[in-house]
Each structure stands twice: as structure tokens, then as C-alpha cells.
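Working notes, structure below.
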Amino acid sequence: MTVLQATFIGVGSMVGAGIFALLGAAGAVAGSAVWLSFLVAGIIAALQGYSFAKLGARYPSGGGILGYLSKGFGEGHLTGIGSWLFFTAGSIVVAMIASSFGGYASSVVAGGDAGWAKALGVLLIVVMSCLNAVGSQVVARVQSVIVVVVLAILVVFAAVTIANWNPALLDPAGYPGAQQIISSVALTFFAFLGFGVITFTAKDLPNPARQLPKAIYLALAIATTIYVAVSLGVFGTLTAEQVVEYGATALAEAAKPTLGEAGYVLMVVTALFSTTGAVNAGLYPSIGMTQHLASVGQFPPVFGRSFARFPFGLVVMAALSTVLVVGFDLNKIASIGSAVALLVFSAVSIAHFRIHRETGANIAVLVVGLIATLGTFIVFCMTTLASEPATAVALVVIVALSVVVDFGWKAASRRRASV
């Protein structure tokens, strides 16, 4: 895998369907200052990216950020619980993105039928699982094509809307207070969570010590630029009230003044490609992550095996995601990925403090990054989780299950070893 392909794995995971849903939600809090919210969220992600880049250069492995946890805390329960938590939440996020794909695809081929939406979502998971089973090179090539298409469309969209915007709609005099803008950062940071996937590409990079940091920084730069440009284009064309009202179709509505109905079609195509890329990137870590965790005793040995070329970890994640798509209303726990990722990112930062002399990281940057990440999590809990009780309950349940599974598996393993 090349640096650019690793970058596209991260960009594809970040620039998914979230950009469509986020603009309306963030606009309800930050008004037309959403572009500023994306910029701040990008800076926070860059601080975390610095930590991941230093860790990845020193400890490259298929375990990605979970491998960094073990370097800082050892192979104990804390690392194990974090690993189960991350794996479960990853399955939920894949299911949510696949459901989003199903919704868009169903609107095109089946008039928005809910049954077709679930079927098409499951089909995407199956196809992308087969693709990941073939090998990382194929994943990287397909992901590169998907990301190029998505970025090309979004660049055209941003250029067209910015060229025809109304600067008065972005007048800072109409921005809300700093508190509202900061609160919206907890929402827009969700759009950057995918960059952590890049850490799992270390096993496929010829020289991860040099290439992994480049891929992380490049992916964050591309995503931040796209997010800021798109939000400027949308909020420079529509009022904040209109963006909130249109919600997921705000991008299509912003394109209509210059592109007409073709703008709607363009955004549907973008949504289909971006969700496909995000599911592909979401499934990718399941192989290297679970094989690494099985090799160090954090996961059962079966997770290190493959069945007919299908790695067991990939099969489990795909199966769990499929069950979630078919049997659950995932909209009620839409923010679970954000909550879990922020917790894991914060834990990795704390682990990094313990080994920062080995990585050569600047302690001041690590401190600022941890404060920013924890601060985002606290604001997220006070705003988003407070208004989404189902997400809060789901987070508690997943943490509890992760604790039970980790302690139960390791206790059973010790009993077998003593026999």
C-alpha cells in the first residue's frame, strides 16, 4: 500500500455520509459559523493525529491504536476492555453507514421502500466484506477510485456554490456566541473520527515509520479543507434556518441555484459513493486488529484464523453489522461512534504519556491534545448525549458488555491453562 492509498483509506472513512447529516445538526447550534466549527474540530483532530503519528512511527502494527493502548498500559484488562469496546462500536458504525447507503439506494431504485433499504444495506456489507477478504491491495485500489470520485464531486460543488454565494449570509455579526460554536465542535468532530483507521494500515505499508505519519497528516488536511469549503458553500447559499430545515438534503438544495435538478442527482451519487467507501474503510481494520489482539491474548485465538479466505474477525464484524441493520433502529443511537471513539482516543493519549520518551513526542502537544479531546467528550455528553438517551444507554451497555466479555474470556483462558 502506498502513502496515498493509506490516506484514501482515512479520507474515505471520514468523508462519508456524516457530512450530509452534520450540516443541519451543527447549523442548529452554530448557525452560519459551522465552517469555523469544522476548522476547530480539524485542529483538535490534528493534535490527536500528532500523537497517533508518533506512536505509529515507533510501534507500527496491524493492531493500530489498540496496539498503542497495550504499549502504554500493558496487556491487561484496560487494553482488553478498550479493544472490545472499539470492535463493537466499529460494527455499529459500519451498520449505520450501510443503513444510510440503503436509504439512498432505495430512494433511487425502490421509491424509498424500507425493506429494500435494509436489503441493499446488507448487500453492501456482504460485497465490501468479500472485497476485504481478497486483500488489502484490492481494498486500497477500490477505495482510491471511490475517494477520487467523492472528492471530485465535492470540489465541484464547493467551487460552484462559493463562486455564487451571498457573503452577507456569512457575516460574522450574525454568528452565535463562542459557547454555541464550541458546543457544535462536538458534533463536527464526528466527521474526523475516521482518521484513526489509518493507524491500521501500518501492516501494509513498506516503511510505516515514515509513511504512516504522512498519511495521517495528509488525510486530515484533505478532510478539513473539504469540510470547510463545503460548509462555506452551503451556508453562503442558504440561510442557517434553511440548512436546518433541509437537513440531509441541504447540499442538494444549495446546488440547485446553479446546477438545478442535476445538483440533487449529483449529491445522491456522492452519498452512494461516500457511504460505500466508508463501509469499506470501516471493515478494513477488523482483520489486522483482531489478528493482532488474538496474537497477544486479548481476543480468543479463533480471531486469528481464517475460513475459506475470510478472516474470522471480518466475518464477526460483518455478521454483527448485518444483524444491526436488519433488526434495529440505528438512528436512535446515531452518536455511539463518536462517544466510543472519543473515549478510546483519550485513553490512547493517556497511554502515550507513559511512553512519550520512547516516541519522542512533545509532551506539551500531547497535553493540549488530551485536554481538547476530553473537553470535546464532556461537551458531547452535556449536549448530544443529554438529548439522545438511547445513545447514552447504548454506551453504558456496550461498556458493561466489554467488561464482562474481557473478564470472562480471560478467566476462562486462565482456567484452561491451569488444567
Side-chain angles (χ1 to χ4, degrees), residues 14 18 21-22 24-31 33-52 65-66 68-69 72-73 78-79 81-82 85-86 88-90 92-93 96 175-196 220 223-224 227 332-354 356 363-400 402-403:
M14 285 188 282
L22 280 174
V29 181
V34 168
W35 71 270
L36 188 56
S37 175
F38 271 116
L39 183 60
V40 173
I43 293 172
I44 294 174
L47 290 170
Q48 201 69 52
Y50 170 82
S51 175
F52 287 2
I65 59 176
L66 301 180
Y68 310 156
L69 269 182
F73 294 119
L78 183 59
T79 299
I81 292 168
L85 188 65
F86 190 80
T88 304
I92 295 174
V93 171
M96 289 170 58
Y175 290 177
Q179 183 177 354
Q180 284 76 18
I181 295 176
I182 292 173
S183 295
S184 71
V185 171
L187 292 171
T188 53
F189 187 75
F190 174 79
F192 291 93
L193 297 179
F195 82 90
L220 285 171
T224 303
Y227 290 149
K332 293 182 178 179
I333 55 172
S335 301
I336 192 69
S338 295
V340 172
L342 287 169
L343 280 175
V344 174
F345 286 4
S346 298
V348 171
S349 293
I350 295 171
H352 199 169
F353 286 140
R354 307 181 70 173
H356 74 277
I363 191 68
V365 177
L366 297 184
V367 169
V368 174
L370 176 61
I371 292 173
T373 306
L374 279 177
T376 302
F377 179 73
I378 292 171
V379 173
F380 180 82
C381 290
M382 295 172 60
T383 55
T384 307
L385 288 187
S387 62
E388 293 181 7
T391 300
V393 171
L395 178 61
V396 172
V397 170
I398 291 174
V399 172
S402 298
V403 172

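Remark: Phe189 pairs with no residue by the ring-ring contact (aromatic ring centres under 6.0 Å, His included) rule, at least two apart or across chains. Not counting sequence neighbours, Tyr68 has no partner by the ring-ring contact (aromatic ring centres under 6.0 Å, His included) test. For Ser184, the side-chain hydrogen bond (donor to acceptor under 3.5 Å, both in side chains) partners are Ser37, not counting sequence neighbours. Residues meeting the side-chain hydrogen bond (donor to acceptor under 3.5 Å, both in side chains) test with Tyr175, sequence neighbours left out: Trp35. Under the rule for a side chain to side chain contact (heavy atoms under 4.5 Å, CB included), the partners of Leu343 that lie at least two apart in sequence or sit in another chain are Phe377, Leu395.
Minimum interatomic distance between Leu47 and Val365 (heavy atoms only, all atoms of both residues): CD2-CG1, 4.0 Å. Of all heavy-atom pairs spanning Ala191 and Tyr227, the tightest one is O-OH, 2.7 Å. Between Ile181 and Pro176, the shortest heavy-atom distance links the atoms CD1-O, 4.0 Å. Across all non-hydrogen atoms, the minimal contact from Ile81 to Ser402 is O-CB, 3.7 Å. The minimum heavy-atom distance linking Leu39 with Thr224 is given by the pair CD1-CG2, 4.3 Å. Closest approach of Ile44 to Val185, counting heavy atoms only: CD1-CG1, 3.9 Å.
Between Ile350 and Leu370, some side-chain heavy-atom pair lies under the 4.5 Å cut-off. Inter-residue side-chain proximity for Ile92 and Ile398 is flagged as met; some heavy-atom pair is nearer than 4.5 Å. Looking only at side-chain heavy atoms (C-beta outward), Phe52 and Val348 come within less than 4.5 Å of each other.
Applying the side-chain hydrogen bond (donor to acceptor under 3.5 Å, both in side chains) test to pairs two or more places apart or on separate chains, those with a residue in residues 340-350 are Gln48-Ser349.
Taking the centre of each ring, Phe345 and Phe195 come in below the 6.0 Å mark.
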